[in-house]
Amino acid sequence: MSAAQDRKGGGTLVLYAALAANMGIAVAKFVAAGITGSSAMLTEGFHSVVDSANQLLLLHGRKRSERPADDLHPLGYGRELYFWSFVVAILIFAVGAGFSVYEGVAHLSEPEAMNDPTINYVVLAVSLALEGSSWFVARREFAAAQGDLSWWQAVRRSKDPTTFIVLFEDSAAILGLLLAGLGVAISHATGDARWDGVASILIGVVLGVVAVVLARESKDLLIGERADPALVAAVRASVDGRSEVVRVVKVTTVHLAPEIVFLGMDVDFVDTVPVGRVEALIAEAETDLRRDWPVLAAIYIKPVSS
């Protein structure tokens with residue numbers, strides 16, 4: 001199995017792990033909210049529903065992005081994954097964060113006395129265990145691609161939004177559970193149910209921040225980001241090292257999908273090389289580039305005069 005297939009399989013595993021955890025957690029949270037009347041638990045329940053929907057959308061996007069190129073989309077459908085990643089970020093902001101803040105404000109305006117919170121603590125503890133297991137899977141896959149980069153650098157350079165979106169979601173979910181637990185505990189200790197509403201608002205703020213970060217990263221990928229600088233340098237050196245080449249004038253790369261890169265090159269050939277030989281040289285260079293870097297799915301080399 002190739003490295004690209006390994007990464008693709010890892011990203012899918014992360015999504016399925018997160019989906020299984022969130023669906024189970026959502027049911028438990030709604031049951032707890034219905035029994036105790038906790039606003040924070042109700043907010044957390046909708047949070048898990050939104051997360052489950054997000055994982056389904058990312059799985060849908062990954063599946064559609066793997067469709068082969070056709071006449072309408074000659075470079076393939078790879079960017080569908082980036083589109084659905086952006087949709088996920090919008091959903092987190094509009095539905096997750098929006099509902100959390102709304103529910104919190106409503107609970108502050110009309111606080112509802114909380115019943116015995118024991119079931120809330122049980123559900124929160126189980127949810128933390130499940131979210132933690134999902135977070136561990138996402139973190140492991142993310143760390144495999146992180147290398148020597150810092151955490152933020154790895155997010156910025158990543159071309160596969162699947163793993164870091166789930167990692168962000170799970171991190172926000174864990175923080176949300178802690179906030180929900182804190183809100184329930186303070187409300188129970190003080191007898192003031194408004195603290196439960198404050199927890200809901202804070203959960204909404206956390207989701208809003210995560211959504212903005214994810215939207216920014218997904219937007220950049222959707223617009224089109226260059227390939228890794230190391231790949232660009234290696235490709236340039238490969239063509240530049242040919243005896244018939246004066247120099248590589250320009251290299252343009254764009255990620256069409258996590259493992260699909262468009263490559264365009266402006267190359268200045270030696271003036272004495274016949275036109276027919278230039279055509280053969282271009283064909284040879286393209287063959288070598290595809291052999292050495294299978295990620296280069298589309299290659300266009302244009303002869304230019306410097």
Side-chain angles (χ1 to χ4, degrees), residues 1-14 62 65-66 69 75-82 85-86 138-168 213-214 216-269 281-304 306:
M1 180 179 291
S2 67
Q5 289 172 321
D6 284 338
R7 285 189 289 271
K8 186 181 295 183
T12 303
L13 173 63
V14 168
R62 181 176 286 280
S65 71
E66 294 171 0
L75 295 179
Y77 291 80
R79 285 191 178 177
E80 278 227 37
L81 178 59
Y82 298 153
S85 299
F86 188 76
R139 182 68 185 91
R140 183 185 63 191
E141 294 299 325
F142 183 77
Q146 183 176 354
D148 297 329
L149 299 174
S150 69
W151 186 81
W152 181 243
Q153 286 176 326
V155 171
R156 293 290 293 155
R157 291 193 183 186
S158 175
K159 307 307 177 191
D160 186 352
T162 303
T163 302
F164 70 72
I165 283 181
V166 174
L167 183 61
F168 272 55
V213 173
L214 293 182
R216 174 183 170 181
E217 294 304 310
S218 298
K219 178 209 68 173
D220 289 343
L221 290 169
L222 187 58
I223 293 174
E225 286 190 352
R226 71 176 185 184
D228 189 295
L231 173 62
V232 175
V235 167
R236 177 187 290 272
S238 174
V239 176
D240 214 12
R242 293 174 177 270
S243 59
E244 300 92 341
V245 172
V246 176
R247 69 186 182 99
V248 175
V249 178
K250 182 179 180 182
V251 178
T252 302
T253 58
V254 179
H255 263 274
L256 304 177
E259 300 299 334
I260 301 177
V261 174
F262 164 86
L263 169 67
M265 304 184 78
D266 291 351
V267 179
D268 182 14
F269 290 93
L281 286 171
I282 291 175
E284 292 170 8
E286 291 181 355
T287 299
D288 291 346
L289 291 171
R290 287 193 174 92
R291 181 197 63 217
D292 295 337
W293 295 280
V295 71
L296 301 176
I299 302 173
Y300 295 90
I301 299 177
K302 181 178 70 174
V304 296
S306 59

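For reference, positions follow the sequence shown, starting with 1. No hydrogens, no waters, no symmetry mates; every other heavy atom, side chains included, goes into these values. Here the structure is a predicted model, which means the values were calculated and not measured.
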Of the non-hydrogen atoms in Met265 and Arg236, which two are nearest, and what is the gap between them? CE-CA, 4.3 Å
Worked verdict on Thr252 versus Leu263 for side-chain contact (heavy atoms from CB on, under 4.5 Å): CA-CA 6 Å; Thr252 302; Leu263 169 67; over 6 Å; no
Residues His255 and Pro258: closest non-hydrogen pair is CE1-O, 3.3 Å
Nearest atoms (heavy-atom pairs only) where Ser158 meets Glu225: O-OE1, 4.5 Å
Distance, nearest 0.5 Å, that separates CG of Asp266 from CZ of Arg247: 10.0 Å
Can you tell me how far OG of Ser85 sits from CZ of Phe164, rounded to the nearest 0.5 angstrom? 7.0 Å
Do you know the tightest heavy-atom contact between Glu244 and Leu281? CB-CD1, 3.4 Å
Tell me, do Val261 and Trp293 make a side-chain contact under 4.5 Å, heavy atoms counted? no
Looking only at heavy atoms, the pair that brings Val267 and Val245 closest together is CG1-CG1, 3.7 Å
Salt-bridge test for Lys302 and Asp268: reply yes if a basic N is under 4.0 Å from a carboxylate O, no otherwise. no
Mind checking the CD-OH spacing from Glu217 to Tyr82? Nearest 0.5 Å is all I need. 12.0 Å
Close side-chain approach of Lys250 to Val248, heavy-atom, < 4.5 Å: no
When rounded to the nearest 0.5 Å, the distance separating CD1 of Ile260 from CZ of Arg79 is 11.0 Å
Could you go through Asp160 and Arg62, starting from their C-alpha distance and side-chain angles, then the distance that decides it, and tell me whether this counts as side-chain contact (heavy atoms from CB on, under 4.5 Å)? CA-CA 10 Å; Asp160 186 352; Arg62 181 176 286 280; 3.1 Å; yes
Got Leu296 and Ile299 here, is their nearest side-chain heavy-atom distance under 4.5 Å? yes
Does atom CZ of Arg226 have more than 12 heavy-atom neighbours, drawn from other residues, nucleotides or ligands, at distances under 6.0 Å? no
Could you check whether any side-chain heavy atom of Leu289 comes within less than 4.5 Å of a side-chain heavy atom of Glu284, counting everything from C-beta outward? no
Taking atom OG of Ser218 and atom CD1 of Ile223, what is their separation to the nearest 0.5 Å? 11.0 Å
Any heavy-atom pair between the side chains of Leu231 and Thr253 that's under 4.5 Å? no
Any non-hydrogen side-chain atom of Phe168 less than 4.5 Å from a side-chain atom of Val155? yes
From Asp288 atom CG to Ser238 atom OG, the distance as rounded to the nearest 0.5 Å: 6.5 Å
